[in-house]
Each structure stands twice: as C-alpha cells, then as structure tokens.
Amino acid sequence: MSSNATKINPYTNKAYSANYFVQREQALALPVASALPDLLSAVANNNVVIVVGETGSGKTTQLPKAVLEQLQKDGRRLALTQNRRLAAQLVAARIAEEMDVPVGTVVGLRHRGCDLVGKATRLEVVTDGSLIMAAKADPKLTGYSAIVIDEAHEHSVATDLLLGLLKELAVQRQNDLKIIIMSATIDADLFGNFFPGSVVKTVSGREHKVLLSYLASPAQSSVDTIVETILQVHMFGRSGNILVFAPSVGEIFKIIKMVEEALGGTRTRLGPEDVGPMSCWPLHATLSPDAQERAVHAVAPARCNGRTGRKLIVATNIAETSITLTGVTHVIDSCKVKSKIWNVEDESWCLREQWVSKAAARQRAGRAGRTREGMAYRMCTEGGFHEQMLEHSVPAIMEGDMLRECLDILKMGRSPLTFPYIIAPATETIVKALGILRQLGAIDAKGGSLTSRGMEITRLPVDVYSAVVLLDSPRFGCSDEMLSLISMMEASEGGKQLFLTAFTDEEKAQIAKIRNYFKHPSGDHLTLFNIYTAWRSASSAGTADAFLKENKLLGAILKSADSTRLQLLRILYRHESWALRFMSPLRLDYYNLMLKALAAGNYLRVAKRESKSEPKKFTTLSNSAVARVETSLGPPSGANEWVMYNEYASDGNTKRFLRCVSAIPPECLVSAQPGYWRDPEFLPHGHIRDSLVKVIANMTGGSEDFIRGGMPNAPSGTS
DNA sequence: CTCTCCCT
C-alpha cells in the first residue's frame, strides 16, 4: 500500500488519493476488465469498433478511460455521448472519481445549461443533442480525436443523426478519428453493416437471473389485473420491492388507489393481519424532482407480525432507463407504452398506447435482477408476447415531424433527402418537412439550402415556429414579452404541465379558479404570459415561494422557463438584426401587439370557426380539417372566429383537436405577415376564403401602413 | 375530457 500510495497521477502530477485504489480494485472486478486488452487492440487497428455489452458490464466507464490513454496527447478530446442529462452527469462523476480528478478538469461535462469543459479537458461526457450542436458549428468535429457513442440501441434522434454523420467522417477522417459505437442489445448487425470495415466485439454483462411469468389469457382490464398481481406478489412472493410499469400517470393513480383500498388503509398503514405493511409511491416525470427523489430513496417498511414489509413503486417508463431503483426483485409490466406519433398525411400528432417491444420488455424485466435473482410478471400471454410484439422499439426519428432535424442536417452541410440515415424516416415526412420549412422562410424556394433565417433558427433551442416568432418579434416592439411567453410554452409544454396534480375535487376546483384568475380572454398564450409575469414580480418582491404555494404552480416549470429565457436572450443578443424591445403594459394595444407577434410565426397554424352555433368547432386553413378547440388554460372567450394554435392532434380515430389556442382578430393575422395573407389564392373556395377576402378588402380600404405590418408607432421601450 | 419520454 505504501509503495502504491507514492504513485503519481499523470493527469494532476499529484499522488493518488486512497479512494483511487479502492475505485481501481472495483473497476478491475468488472466483467469488462478482462476484455479490455482485446478491445484496445481492436480500437488501435480499426477506425470503427462496435462494442456490444449487456448492462452491468462496465463498458461505459472503463473503455473510454482506457482509449484516452492510447490517444495522442495533441489537445484534441475524446467525446463520450449519453442520451440523457442525468446519465451524462452520473457518468462524468464516476469517471472523474476513478481518475482521481474533479469534473471540469481532465474529465469534462457538457449539456444544456452546463459547460464544464476547460483547456485541460481530454475526456468530455456530453449529451448526444449537445454533440449535434457542436457538429453544426464544426461538421467535421475537428476538436475530437475519438468519439464514443453510448446506448446506440436506444436510437434517440440525436444519436441516429450522429451515426449518419460519423459514417461519413469515418471516410473523411480515416486516419485521424477513432469511432466506437456501444450498444446493449444484439442488433450489432445493424451497426456493423452500417460502418463498412468495422469490427464487432462482445462483452459479457453481470445480471442476475429473472424468471418470467405470463397471463394464461389476455387481461380484460389491465389495471385490475395489475392490482391483483401486486396483491398476490405482496402476500405470497419472496421479499423485495415491487416495481410496476404503467402506461400513463392516470393509471398510476388508479393502481395506487386500488391497492391502498385493498390493504384497508392509507399510504403506510398496516394492512389486514396476515399481510405485511406496504408503502406505495408514484414515479413519473411530471412529479417534482423532490417527490421523485422521495420515491426512489424511501425505505421499505419493516417486517410486521412476521410478515414482509414492502415498497411498491408504480412508474411510467421513466424507470426503464432514467432512474435506477435499488432492492427491486419483482417487476410487474403492463407491457404498454404511450408515444407521440406524427402523421404526415394530415400533419397531426397522436398520442398512442401500444405494446412495448420485446427489447423494452426485457429491459424492464432486467430491473428485477440488479441485486439478486428476481421475477417479472408480464401482463400479456406468452403467445401474444412472441407473436405480436415487435423485436425492437420504433426509432424516434421515424415518429417525429423532422422539422428541426432537416434544419440540423442542412446546417451540418448535408441534404436531408440523401443523408446516410442508419434508420431512415419516410421520404414523404422529409418532403413535407422541407415544404413547411420553405413556407416558413427557413430554406430556399429553389435550391433547398438554408436561408439566413434558417441559420438563425438552428441556433435557437425552441420549436421551429416559435423560433420564427422570436426572430420577428422586435418588429412588433415586444421581443422581451415574446421571450417570456415562448420560454413558458417550452417549459410547460404549452401549459399542460404547470399546476400541481389535483387529487380531490376540491383541489381541482381550486386550480380551475386560479387558472381563471390569470386567464386572458384571448386564450392560452397570453394566459401563460400573465402567469410568468406574475411570478416574476413576486420573485423580485421576494415572495416567489408564497406565490407558488398560493397558486398551486410548479416552481420547477417557472424556473426552467426562466433559464430557457436567459439562454435565448444570450443567443439572440449576438444577432445584429435583433433587439430587445418591450412595451408599457398601459398601452391600449399591449396584448394585441403580442398576438400579432405570435401570428408572425404561427401563420401556418390558423383555424376559423365553423358557425356561431358550434363555438368549439373549427376548420384548419392548412388542410381544411374540422377540429375541436381543447385548451389547457380555458377556452378563448368572446368573438373568437379566428384562432391560432400550437398543436393539431388526433385521437387515432376520427376526432381532431387544436391545443394551445388563442383567438386572434383576422386583421392582426394579415398585418403580421401581409406577404403571406395578401393573396388568399392558396385557400380552397369557400366561406373561409370569402371572409378573408372581405377582411383584406376592408383593411386596404383603410391605411396602407396597417396592412404593411410592423410597428405603427415607435416602441415604448428599447434597450 | 386529455396529458408516454427525452433533447437543444
């Protein structure tokens, strides 16, 4: 020990700490340790190496660290990607501890809102989205001599785009860049075939056996069957915590309520005498970080009357990858997931519940075998599992609208139609996305290349339409107000996640009353703005906490809006053509100008009311679809003949909805983007076109300035 | 009467 203790850490030129030797012992015991020499020689002799390793192999921390020592010390770095911020933080901390350095020195960490990369950094742990950002600024990624993509099997959009880019860099930077793709499942063929000349290496993992159990016949009610299974396991199963995968938050609450009723008490009370105590915890992303923390770290109740005490966690798929729970030996899997899917044909989004893939079900079951042998109960028949479920989950790139991705690909100097996708989205989706981007002025009408507006949009981390609003907003004198409003839209998902979850009818009524208090008659957008403004003034008065509590608002959402706002402001400030402008709330046209600024980016998302007798039924201008308004903060009131919306959604059948909606005077629409509206030829003949023609005729009859748009008067605030 | 999950 004493001779070891004198060893010098080459990265710090200081003696290693005692902890270093403890960490090194543990690292040497990982399954990947014995495979390292072989992996390193594969990396030395090949440009692209695919590493397939099961969870628990230790590949994520050990391989990048070892590769780093092989690389030339020329100041260039090794990038190691993760699909989530939390994962990136944990991996960076782990590697830094093993190398006996603090994060931010030799080991760096980078993701949105965090830049711990310095001159000394040689190994950079980064989210895949953040590496895409870097690739947009430098498409050859010249600052890196090695890139390690982790969790490639998850097929996040950013990872799939990076793989396409790396396929080309593997040729362009043949002797200059090492590429390592790490994946957990066995679609090694996919990656191996994608990179010509690559080698595939397999590393064994270390997981305990998980026994599988299926239903004898398909479940009539999934919730009832899950609750029955929970009670069976609790009464007769061996000790250990129970983790349930439910498809949605609604089901989580139903399950917990039913279990508590069956056990005859509230959360931690003792059940009937022959059953031990069980504490129930919900776990999902809309829970505050505090509540998530409590669910993860709560200790199972003690054994009572000789009966086992247990902790029951009912989670969405957040527990599949993002959060690791300890002490779980029983997994009950609904085998269902929800995913948001883009329908190119009518440009609608649909949240659909589907069977999980076999790969996802295996991942879920594996959560029961982290500490010792476990059990997994699947809420489907064995035949159904093998015959009906897909082998792998559908990659995210195939379910999205490709708007932002097309811009990103163009910014990386490639064409969205010929990009070497590892999994290609439908050509129709790409063509549609390019069409929308052309209408928004982000790409050229002819060549399909990025316009200067398109370039600016790629730098703004918001919805593409909202980016247009932000870039255009100084024209209306309210860029400051739009920054707040758009940041709120991003943070709260259009107002969906803003208030605490209401359990009782009383709480629901309370929240409805609060909503009503902040409500602007035009609808969702300005209501969000009102809430943000009220919170900001409470903050500067030092009463933010009381304000949040009183109004049952989620502080995390408002804080995240605030940090998004600051990030956007920093980016926009660098644009020469952009200026921070704000208005006096006393102006008569205060709210009208904000609606106009919103209309400048949302002019492709406008609908008109069918008739006065059906106040919620609207027809979209883009594809003449009939949809109902479904607002999160209360419907627009008054003469809401025209509305703009942020989401056009489908129930998967015949129903269509407009979400995040505001009423807008048609004159505002026209004057915000006169070039687009001047000539309503693009609309099919009918009542919408007729009324628009009438509106425009009345406006041209008036002042020319009005239709030309922009600020009729000088803005009241400029800075 | 609807709200899976991440990322910039």
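In what follows, chains are A, B, ... by sequence order, proteins preceding strands, each numbered from 1.
Heavy atoms of A:Glu154 sit nowhere under 4.0 angstrom from any nucleic acid atom. Across all strands, A:Ile318 comes closer than 4.0 Å only to sugar-phosphate atoms, never to a base (heavy-atom distances). As judged by a 4.0 angstrom heavy-atom cut-off over every strand, A:Asn83 is placed among residues touching the sugar-phosphate backbone only. A:Arg112 comes within 4.0 angstrom of a base, heavy atoms only. Within 4.0 Å of A:Val249, counting heavy atoms only, lie sugar-phosphate atoms of the nucleic acid but no base atom. Heavy atoms of A:Ser156 sit nowhere under 4.0 angstrom from any nucleic acid atom.
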- request: Would you please test A:Asp463 and A:Arg605 for salt bridge (charged side-chain N to carboxylate O under 4.0 Å, His left out) and show each step?
  value: CA-CA 13 Å; A:Asp463 172 72; A:Arg605 306 195 288 197; 3.5 Å; yes

task: Show your working on salt bridge (charged side-chain N to carboxylate O under 4.0 Å, His left out) between A:Lys340 and A:Glu647 and close with a plain yes or no.
output: CA-CA 12 Å; A:Lys340 200 178 167 183; A:Glu647 195 178 313; 3.6 Å; yes

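Atom CD in A:Glu353 sits roughly 10 Å away from atom P in B:dT4 (whole-Å rounding). For the pair A:Phe657 CZ and B:dC3 C1', the computed distance is 12 Å after rounding to whole Å. In this structure, the NZ atom of A:Lys616 is 9 Å from the C1' atom of B:dC1, given to the nearest Å.
Comparing B:dC5, B:dT2, B:dC6 by their nearest atom to the side chain of A:Thr316 picks out B:dC5. Proximity note for A:Arg659 (side chain, C-beta onward) versus B:dT2, B:dT4, B:dT8: the nearest is B:dT2. Among the nucleotides B:dT8, B:dC3, B:dC6, the one closest to the side chain of A:Arg84 is B:dC6. Listed nucleotides: B:dT4, B:dT2, B:dT8. Nearest to the side chain of A:Glu630: B:dT2.
The cationic group of A:Arg628 does not satisfy the cation-pi geometry with A:Phe657, failing either the under 6.0 Å distance to the six-membered ring centre or the 45° limit from the ring axis.
Taking 4.0 Å as the cut-off between side-chain N and carboxylate O, A:Asp346 and A:Arg656 count as a salt-bridged pair.
If you find the closest nucleotide of DNA chain B to A:Ser339 and to A:Pro461, the one lying nearer the 5' end belongs to A:Ser339.
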